[in-house]
Peer 1: 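Sending over a structure as structure tokens; questions will come in a sec.
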There are 2 protein chains.
Amino acid sequence: MVSDMPTTEAVVRTDAGLAAELRVGVMRLRRRLALERHPENDLSLGQMAVLGLLLRRGEMTIGQLARLERVQPPSMTRTVSCLEELGHVVRGPHETDGRVVVVALTERGREVVLADRSRRDAWLAVQLAHLTPDERAALRRAAPILDRLSQAD
Amino acid sequence: MVSDMPTTEAVVRTDAGLAAELRVGVMRLRRRLALERHPENDLSLGQMAVLGLLLRRGEMTIGQLARLERVQPPSMTRTVSCLEELGHVVRGPHETDGRVVVVALTERGREVVLADRSRRDAWLAVQLAHLTPDERAALRRAAPILDRLSQAD
DNA sequence: CATAACTCGTTAGCACTGCTAAGCATTCCC
DNA sequence: GGGAATGCTTAGCAGTGCTAACGAGTTATG
């Protein structure tokens, strides 16, 4: 049994402790990041994520986007519809399969995601610059692991 | 200008790239974690966080909880009210300041948070066990940094 | 070849959780 | 004592996740 008031340092040595610590840190940071929206021309975190995927990987189907973002299809439909209304993406038919919808970045969407990303990440980049090189290295190391964890069953 | 399809590896070398990568990883993992709720006796992530704080630090005021969780006071009022209805915390008066409300964990709340936490972190702990010791070390290193970042201005 | 079963995306509706604005009680300061 | 500041609450709104149920298209089976 754990003692009365375990410190962060002590608790984080076990796997369960690391899990709890990681959960709290991820939760808080994501909440903090969500606040960092610019009054004009801003996109939600979910919209940003989708545009980022399309920028990086090219055309994708709704289902692919949903699986990668760990979201149910209806949620992705809504996000894509919103992006389409904004003119940042277009829906198109699949070459061979009439059921699937292919989502592609428009030129305007490409411009917007690049501009918005640099503004949006500005806050976080500034915070990162305040860290020691060691700490930045730790995050550089951890970032892909977090993403991989999110894709686990 | 960035080339057509930057890989994760390439993009993560710059601070802005790290920011973007970290943002996406944090977002996805938090979404994944939110899914990991047990059908019975479960608490939301926000409720868990509050109970965890009370367990670790003892009695706290609404305002303190709100600041630590990076949430506005009305949001914390709602969370605490919900926990109070469940019988997991009690509101009490402050010793000297009649404005503030002191929140304390009940014995039942203490039991619940310990039980629920171990169940809730089970999934994440299992995933952590699948990582290499190196990767776990990286996360152990990164976890407190994530939390500190969330508290930055 | 017809039909049943499955897959993909959508629509409809709900729940949770964050916010701001506004109000009340209390405390602090001149 | 009276006005400003602080702490919490209430009321109402927005964003974003979910499930259930449905239509269209594809695949498998009899």
Side-chain angles (χ1 to χ4, degrees), chain A residues 26-39 42-51 59-86 89-104 120 150, chain B residues 24 26-39 42-51 59-86 89-104 150:
Chain A
V26 163
M27 236 178 67
R28 288 187 184 159
L29 183 52
R30 134 71 228 204
R31 207 146 40 199
R32 182 69 186 77
L33 287 173
L35 292 181
E36 222 39 54
R37 311 180 62 153
H38 278 261
D42 62 341
L43 302 163
S44 78
L45 288 179
Q47 294 168 348
M48 272 291 291
V50 169
L51 293 184
E59 298 184 341
M60 302 185 70
T61 72
I62 301 269
Q64 288 176 319
L65 290 169
R67 277 188 295 275
L68 280 172
E69 286 304 315
R70 275 281 170 186
V71 152
Q72 292 302 308
S75 302
M76 189 51 70
T77 289
R78 187 202 274 150
T79 299
V80 167
S81 297
C82 182
L83 287 172
E84 192 174 33
E85 279 178 19
L86 293 171
V89 304
V90 287
R91 276 182 169 86
H94 190 272
E95 288 184 358
T96 63
D97 190 335
R99 291 168 302 179
V100 308
V101 170
V102 173
V103 183
R120 179 180 297 277
S150 77
Chain B
V24 168
V26 164
M27 238 178 67
R28 288 188 184 156
L29 183 51
R30 136 68 230 201
R31 207 144 41 199
R32 184 68 186 78
L33 287 172
L35 293 181
E36 224 34 59
R37 312 178 62 154
H38 277 262
D42 64 340
L43 303 162
S44 78
L45 287 180
Q47 294 169 349
M48 273 290 291
V50 169
L51 293 184
E59 298 184 340
M60 302 185 70
T61 72
I62 301 269
Q64 287 176 320
L65 291 169
R67 277 188 295 275
L68 280 172
E69 287 303 316
R70 275 279 170 188
V71 152
Q72 293 301 309
S75 301
M76 190 50 71
T77 289
R78 188 202 273 150
T79 299
V80 168
S81 297
C82 181
L83 287 172
E84 193 175 32
E85 279 178 19
L86 293 171
V89 303
V90 286
R91 275 182 170 87
H94 190 272
E95 289 184 358
T96 63
D97 191 333
R99 293 168 301 179
V100 308
V101 170
V102 173
V103 182
S150 77

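Values below: every heavy atom of this structure, side chains too, minus hydrogens, waters and symmetry copies.
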Peer 1: In whole Å, I'd like the distance from the CE atom of A/Met27 to the P atom of C/dC16.
Peer 2: 16 Å
Peer 1: Does A/Leu86 form a side-chain contact (heavy atoms from CB on, under 4.5 Å) with A/Leu43? I'd like the steps, not just the answer.
Peer 2: CA-CA 10 Å; A/Leu86 293 171; A/Leu43 302 163; 4.2 Å; yes
Peer 1: Starting at CD of B/Glu36 and ending at P of D/dG17, how long is that distance when rounded to a whole Å?
Peer 2: 17 Å
Peer 1: Rounding to a whole Å, what distance do you find between A/His94:NE2 and C/dT7:P?
Peer 2: 17 Å
Peer 1: Roughly, in whole Å, what's the span from CD in B/Glu69 to P in C/dG18?
Peer 2: 9 Å
Peer 1: Checking B/Met60 against B/Val50 for the side-chain contact (heavy atoms from CB on, under 4.5 Å) test, could you report, in this order, the C-alpha distance in whole Å, the side-chain angles of both residues, the deciding distance, and whether it holds?
Peer 2: CA-CA 10 Å; B/Met60 302 185 70; B/Val50 169; over 6 Å; no
Peer 1: If you find the nucleotide of DNA chain C closest to A/Arg31 and the one closest to A/Arg99, which residue's nucleotide is nearer the 5' end?
Peer 2: A/Arg99
Peer 1: Nearest heavy atom decides the nucleotide; on that basis, is A/Pro73 or B/Ile62 closer to the 5' end of DNA chain D?
Peer 2: B/Ile62
Peer 1: Would you classify B/Gly98 as touching base, sugar-phosphate or nothing, given that sugar-phosphate means primed atoms plus P, OP1 and OP2, and contacts are heavy atoms under 4.0 Å?
Peer 2: sugar-phosphate
Peer 1: Looking only at side-chain atoms of B/Pro74, point me to the closest of D/dA11, D/dG25, C/dT27.
Peer 2: D/dA11
Peer 1: Rounded to the nearest 0.5 Å, what separates atom CG in A/Leu45 from atom OG1 in A/Thr79?
Peer 2: 11.0 Å
Peer 1: Whole angstrom is fine here: how far is it from CG in B/Leu33 over to P in D/dG17?
Peer 2: 14 Å
Peer 1: Decide side-chain contact (heavy atoms from CB on, under 4.5 Å) for B/Met76 and B/Val80; before the verdict, give the C-alpha distance in whole Å, the side-chain angles of both, and the deciding distance to 0.1 Å.
Peer 2: CA-CA 6 Å; B/Met76 190 50 71; B/Val80 168; 4.1 Å; yes
Peer 1: Rounded to whole Å, please give me the gap between CD in A/Gln72 and C1' in C/dC8.
Peer 2: 13 Å
Peer 1: Determine the contact category for B/Ser81: base if any of its heavy atoms lies under 4.0 Å from a base atom, sugar-phosphate if only primed atoms, P, OP1 or OP2 are that close, otherwise nothing.
Peer 2: nothing
Peer 1: What's B/Arg78 touching, base or sugar-phosphate or nothing? Going by heavy atoms closer than 4.0 Å.
Peer 2: base
Peer 1: For a quick check of understanding: with a heavy-atom distance under 4.0 Å over all strands, which category does B/Ser75 fall into, base, sugar-phosphate or nothing?
Peer 2: base
Peer 1: Tell me whether the OP1 or OP2 atom of D/dT16 has a side-chain N or O from A/Ser44 closer than 4.0 Å.
Peer 2: yes
Peer 1: Provide, to the nearest angstrom, the distance between the CD atom belonging to B/Gln64 and the P atom belonging to D/dG7.
Peer 2: 10 Å
Peer 1: Quick one: does any side-chain atom of B/Arg28 pair with a main-chain N or O of A/Arg70 as donor and acceptor, under 3.5 Å?
Peer 2: no
Peer 1: NA contact type, B/Arg91, heavy-atom cut-off 4.0 Å: base, sugar-phosphate, or nothing?
Peer 2: sugar-phosphate
Peer 1: Specify the residue among B/Leu45 and B/Thr96 whose closest nucleotide of DNA chain C lies further upstream toward the 5′ end.
Peer 2: B/Leu45
Peer 1: Nearest of D/dG15, C/dC8, D/dG7 to any side-chain atom of A/Val100?
Peer 2: C/dC8
Peer 1: Using whole Å, what does the distance between atom P of nucleotide C/dT10 and atom CG of A/Leu83 come to?
Peer 2: 13 Å
